[in-house]
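What follows is one structure encoded as structure tokens, with my remarks underneath.
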Amino acid sequence: MSLFEQQLREETPRSLKALREAENACRRCDLYKHATQAVPGEGPAHAPLMLIGEQPGNDEDLDGHPFVGPAGRMLDKALQEAGIDRKDVFVTNAVKHFKHEMRGKRRLHKRPDPGEIDACRWWQHIERELVKPKLMVALGATAARSAFERVVTINKVRGKIVPVPAGGNALVTIHPSYLLRLQEQRDKQREYVRFVADLEVARDFLRMG
Ligand code: URA
């Protein structure tokens with residue numbers, strides 16, 4: 001069945017609860033086959049700010065909630081520093097199932113490919129339709145591709161409020177796991193400060209904090 005045919009058959013979920021169930025039944029790409037569960041977005045039903053990550057990691061796949069692992073702790077710290085309360089934010093991912101490869105007994109994160117990101121955008125559009133955020137923050141290249149519907153060079157648009165094709169505005173910044181990968185403490189600190197500054201742009205746009 002083509003994506004278009006599946007779309008015609010599906011009923012568009014009209015609540016976040018229905019959306020969660022539909023995402024868990026999703027067969028739009030093959031990622032569901034090796035994941036424990038879909039990890040739906042979560043947060044206030046009409047949050048002004050929607051944060052979009054890449055995809056659930058190992059911890060999120062097991063837990064069923066977005067950004068609960070090491071990248072989530074980094075994100076929470078930066079949000080707090082930027083004066084944004086995570087409780088006021090709808091936190092989601094561009095891709096709802098964990099993509100990974102086995103290395104021995106370990107499940108190693110694998111970046112979703114363009115087809116998987118594009119297939120999952122269907123859910124992203126419904127989330128936006130239901131939550132109607134005033135601003136989206138795309139964390140990293142996968143989230144930016146999902147929001148802008150094309151490849152985005154992060155450094156070209158980073159930290160600016162930019163309109164997205166489906167309507168509304170987004171700000172692109174790095175993914176918090178980038179900070180975890182940096183080896184040098186000096187680089188980590190510099191990039192962390194830039195990340196917080198990007199989140200502050202979002203805060204000021206929404207007059208949060
Ligand atoms: N990284 C993401 O992009 N999303 C999560 O939920 C966790 C880690």
Side-chain angles (χ1 to χ4, degrees), residues 16 19-20 23-24 26 28-29 31-32 34-44 47 49-80 82 84-101 103 106-128 131 133 135-148 151-152 154 158 164 170-182 188 191-192 194-196 198-199 202:
L16 288 173
L19 178 59
R20 275 196 292 275
E23 285 169 350
N24 252 309
C26 181
R28 291 175 164 265
C29 74
L31 292 186
Y32 75 93
H34 305 289
T36 309
Q37 57 195 319
V39 177
E42 61 185 28
L49 179 59
M50 179 179 280
L51 281 184
I52 310 170
E54 183 193 67
Q55 62 163 353
N58 186 60
D59 294 327
E60 290 80 13
D61 169 79
L62 297 173
D63 197 59
H65 299 283
F67 281 106
V68 293
R73 287 192 283 281
M74 179 64 84
L75 176 64
D76 288 348
K77 183 166 167 245
L79 283 173
Q80 199 181 16
I84 299 172
D85 192 334
R86 178 162 167 175
K87 289 201 296 301
D88 297 333
V89 180
F90 191 87
V91 180
T92 190
N93 282 301
V95 170
K96 308 294 188 235
H97 284 103
F98 177 37
K99 182 173 182 180
H100 57 278
E101 63 188 3
R103 189 77 56 83
R106 292 181 60 213
R107 303 191 303 168
L108 292 188
H109 162 276
K110 224 175 151 192
R111 188 177 263 220
D113 66 34
E116 290 154 352
I117 299 168
D118 293 347
C120 220
R121 190 179 294 110
W122 165 250
W123 303 119
Q124 182 43 219
H125 280 167
I126 299 171
E127 280 174 330
R128 284 165 55 184
V131 178
L135 181 68
M136 291 173 286
V137 170
L139 302 168
T142 298
R145 185 192 164 106
S146 177
F148 286 89
V151 176
V152 172
I154 293 184
R158 179 173 184 173
V164 295
L171 175 146
V172 176
T173 184
I174 53 145
H175 191 284
S177 64
Y178 167 67
L179 300 171
L180 299 174
R181 288 194 303 272
L182 290 172
K188 254 190 208 300
E191 290 305 313
Y192 175 75
R194 286 187 71 197
F195 182 45
V196 172
D198 290 340
L199 295 174

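Every number for a ligand or one of its atoms is a count from 1 in the order of the listing.
Residues satisfying the ring-ring contact (aromatic ring centres under 6.0 Å, His included) criterion with F98, sequence neighbours excluded, are H100. Residues passing the side chain to side chain donor-acceptor pair (under 3.5 Å) test with Q55 are H109, sequence neighbours excluded. In this view, F67 and H175 satisfy the ring-ring contact (aromatic ring centres under 6.0 Å, His included) rule, not counting sequence neighbours.
Salt bridge absent: K110 and E116 never bring a charged side-chain N and a carboxylate O closer than 4.0 Å. Taking the charged nitrogens against the carboxylate oxygens, R194 and E191 do have a contact shorter than 4.0 Å, which makes a salt bridge.
Within 4.0 Å of ligand 1, the residues that place a heavy atom are G53, E54, Q55, P56, G57, E60, P66, F67, N93, H175, listed by chain and number.
The two residues R121 and R145 have their closest heavy-atom pair at NH2-O, 3.1 Å.
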